[in-house]
Amino acid sequence: MSNEQSSIAFPSTEELSGPLLRVKDLRTTFSTPRGSLTAVDGVSFELGRGETLGIVGESGSGKTVLARSVMGLLPRSNTTQTGSILFEETEIVGAQEATLREIWGAKIAMVFQDPMTSLNPVVRIQRQITESLRLHTSMDRAEAKATAISLLSQVGIPSPAERVRAYPFQLSGGMRQRVTIAIALACSPRLLLADEPTTGLDVTVQAQILDLLSSLQSARQMAVILVTHDLGVVATRTDRIAVMYAGHIVEMASTKRLFASMAMPYTQALLRSTPRISQPSHTRLIAIDGRPPDLINPPSGCAFAPRCTYATDQCRSERPPLRTAAEDPTHLFACWNPLQTGNAGSITTAKGEN
């Protein structure tokens with residue numbers, strides 16, 4: 001660890017003030033043969049330095065597109081973006097590739113869902129880690145190699161001096177995911193985006209990976225956006241949770257508040273569909289009835305209305321705005337019939353939200 005810390009500077013206390021990331025009215029639209037598909041529609045949020053935000057939703061809810069939008073990784077052809085993604089003082093929306101290359105790895109990094117596709121199968125681990133070190137720092141080859149070995153040790157890979165010479169196919173799934181984390185953390189980024197980092201791993205390895213991310217975040221003063229479909233994953237590992245559906249944030253609150261007083265029926269449905277260790281073996285899983293909406297032809301009202309047991313005619317005809325709970329102005333939700341009676345009694349429209 002000493003090799004890396006002596007070569008890479010961590011943020012100073014003077015730099016740690018104000019939000020690290022500001023996303024305002026972000027819309028990401030793809031041109032398809034069937035028409036325009038808006039995968040992220042009017043999303044706004046802020047992320048503080050050192051904060052962990054969970055982005056939760058089903059497949060197709062827009063959470064991965066949101067993460068890739070923040071990273072600036074979406075293809076430029078057939079993609080349209082409006083709104084603002086302000087990382088520190090850099091605007092990501094519309095930024096030139098040269099600007100993004102200065103940020104990638106050095107300030108913002110991403111742990112991708114499938115390490116077998118994110119790692120180059122014909123390049124040794126050492127080179128995949130040292131590439132960004134050589135690009136963003138003044139390290140020579142020997143220093144970069146020593147730092148790569150140190151990083152592998154930090155992420156819990158045994159015999160790192162030997163593993164650094166391995167190819168990805170020579171490692172297990174859990175070890176490959178640890179390598180992707182080492183690559184992402186090589187230059188001590190300020191923001192780490194983790195997109196379903198435990199997909200395809202067994203439960204024990206999942207817990208190890210999530211524990212590793214938490215400990216490294218604390219040591220490195222990073223902000224983290226954790227993308228997942230599982231509310232159980234974010235329950236004990238995030239400060240706030242944003243629930244996405246059909247490209248919109250439909251509920252956002254502190255983690256403690258969300259689980260204590262969730263307002264959206266969709267959030268409740270996600271929680272009910274989460275398997276529990278306390279359940280007997282072979283217990284039938286609870287699925288959310290119906291299918292997510294077609295985002296090329298979205299419904300005129302609430303996108304969740306066709307699947308919601310609480311839906312009314314108003315839900316099916318009018319899209320609910322994102323509003324604040326009367327007893328907690330940091331709790332936002334978009335529902336005409338919120339679950340909590342206290343929320344339903346007195347609500348106000350959230351400023352700056354759609």
Side-chain angles (χ1 to χ4, degrees), residues 17-26 41-58 61-63 66 223-274 276 286 288 301-305 307-354:
S17 60
L20 179 71
L21 180 71
R22 296 181 177 90
V23 178
K24 184 175 182 181
D25 198 24
L26 177 66
D41 192 356
V43 167
S44 300
F45 67 89
E46 291 186 351
L47 182 69
R49 300 174 189 273
E51 184 182 13
T52 302
L53 173 67
I55 306 289
V56 184
E58 294 173 283
S61 62
K63 57 188 187 297
L66 174 59
V224 173
I225 295 179
L226 179 59
V227 177
T228 181
H229 64 275
D230 188 351
L231 274 171
V233 168
V234 296
T236 59
R237 304 179 186 276
T238 57
D239 301 304
R240 285 187 299 144
I241 297 174
V243 181
M244 288 193 71
Y245 188 76
H248 304 281
I249 289 181
V250 295
E251 185 162 16
M252 182 160 58
S254 69
T255 301
K256 182 178 180 180
R257 165 75 185 183
L258 188 82
F259 282 95
S261 186
M262 59 184 60
M264 272 294 297
Y266 177 63
T267 308
Q268 182 187 64
L270 280 178
L271 182 61
R272 286 177 174 174
S273 66
T274 303
R276 289 172 172 79
I286 301 174
I288 304 175
C302 174
F304 188 60
R307 309 171 70 186
C308 181
T309 57
Y310 305 96
T312 63
D313 289 340
Q314 182 184 28
C315 301
R316 288 181 279 270
S317 61
E318 299 178 41
R319 176 185 160 192
L322 196 61
R323 303 180 289 179
T324 61
E327 62 273 30
D328 187 346
T330 65
H331 185 179
L332 309 178
F333 61 92
C335 185
W336 294 119
N337 300 295
L339 298 174
Q340 303 296 324
T341 56
N343 285 338
S346 178
I347 49 182
T348 58
T349 302
K351 296 180 180 180
E353 303 286 352
N354 292 330

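Rounding to the nearest 0.5 Å places CG of Asp328 at 8.5 Å from OG of Ser261. One finds the OG1 atom of Thr267 at 9.5 Å from the CZ atom of Phe259 (value rounded to the nearest 0.5 Å). Here the CD1-CG distance, from Ile225 to Leu66, works out to 7.0 Å after rounding to the nearest 0.5 Å. The CG atom of Asp25 sits 8.5 Å away from the CG atom of Asp41 when rounded to the nearest 0.5 Å. Here the straight-line distance linking atom CG of Leu322 with atom OG of Ser44 works out to 8.5 Å at 0.5 Å rounding. Here the straight-line distance linking atom OH of Tyr310 with atom CD of Gln268 works out to 4.5 Å at 0.5 Å rounding.
Under the 4.5 Å side-chain criterion, counting only non-hydrogen atoms from C-beta, Val243 is not in contact with Phe333. At least one side-chain heavy atom of Asn337 sits less than 4.5 Å from a side-chain heavy atom of Cys315. Looking only at side-chain heavy atoms (C-beta outward), Thr330 and Arg240 stay at 4.5 Å or farther from each other.
For Thr312, there are no side chain to side chain donor-acceptor pair (under 3.5 Å) partners, not counting sequence neighbours. Checked against side chain to side chain donor-acceptor pair (under 3.5 Å), Arg22 has no partners two or more places apart in sequence or in another chain. Scored by the side chain to side chain contact (heavy atoms under 4.5 Å, CB included) test, Arg307 finds Glu58, Tyr245, Ile288, Pro292, Phe304 as partners (sequence neighbours excluded). Residues that satisfy the side chain to side chain contact (heavy atoms under 4.5 Å, CB included) test with Ala242, not counting sequence neighbours, are Leu53, Ile55, Ile249, Met252. Among residues two or more places apart in sequence or in another chain, the side chain to side chain donor-acceptor pair (under 3.5 Å) test is passed with Thr228 by none. For Ala253, the side chain to side chain contact (heavy atoms under 4.5 Å, CB included) partners at least two apart in sequence or on another chain are Arg257, Leu258, His331.
Side-chain N or O atoms of Glu251 include none that pairs as donor or acceptor with a backbone N or O of Met262 at under 3.5 Å. Between the side chain of Arg323 and the backbone N or O of Cys335, at least one donor-acceptor pair lies under 3.5 Å. Under the 3.5 Å distance criterion, the side-chain polar atoms of Trp336 are left unmatched by any main-chain donor or acceptor of Cys302.
Taking all atoms of both residues into account, the shortest heavy-atom contact from Gly57 to Lys63 is O-NZ, 2.9 Å. What you find for Val234 and Gly54 is that their closest heavy atoms are CG1-CA, 4.1 Å. Residues Arg49 and Leu20 approach most closely at NH1-CD1, 3.3 Å, considering heavy atoms.
Residue-environment remark: CZ (Arg272) stays at or below the threshold of 12 foreign heavy atoms within 6.0 Å.
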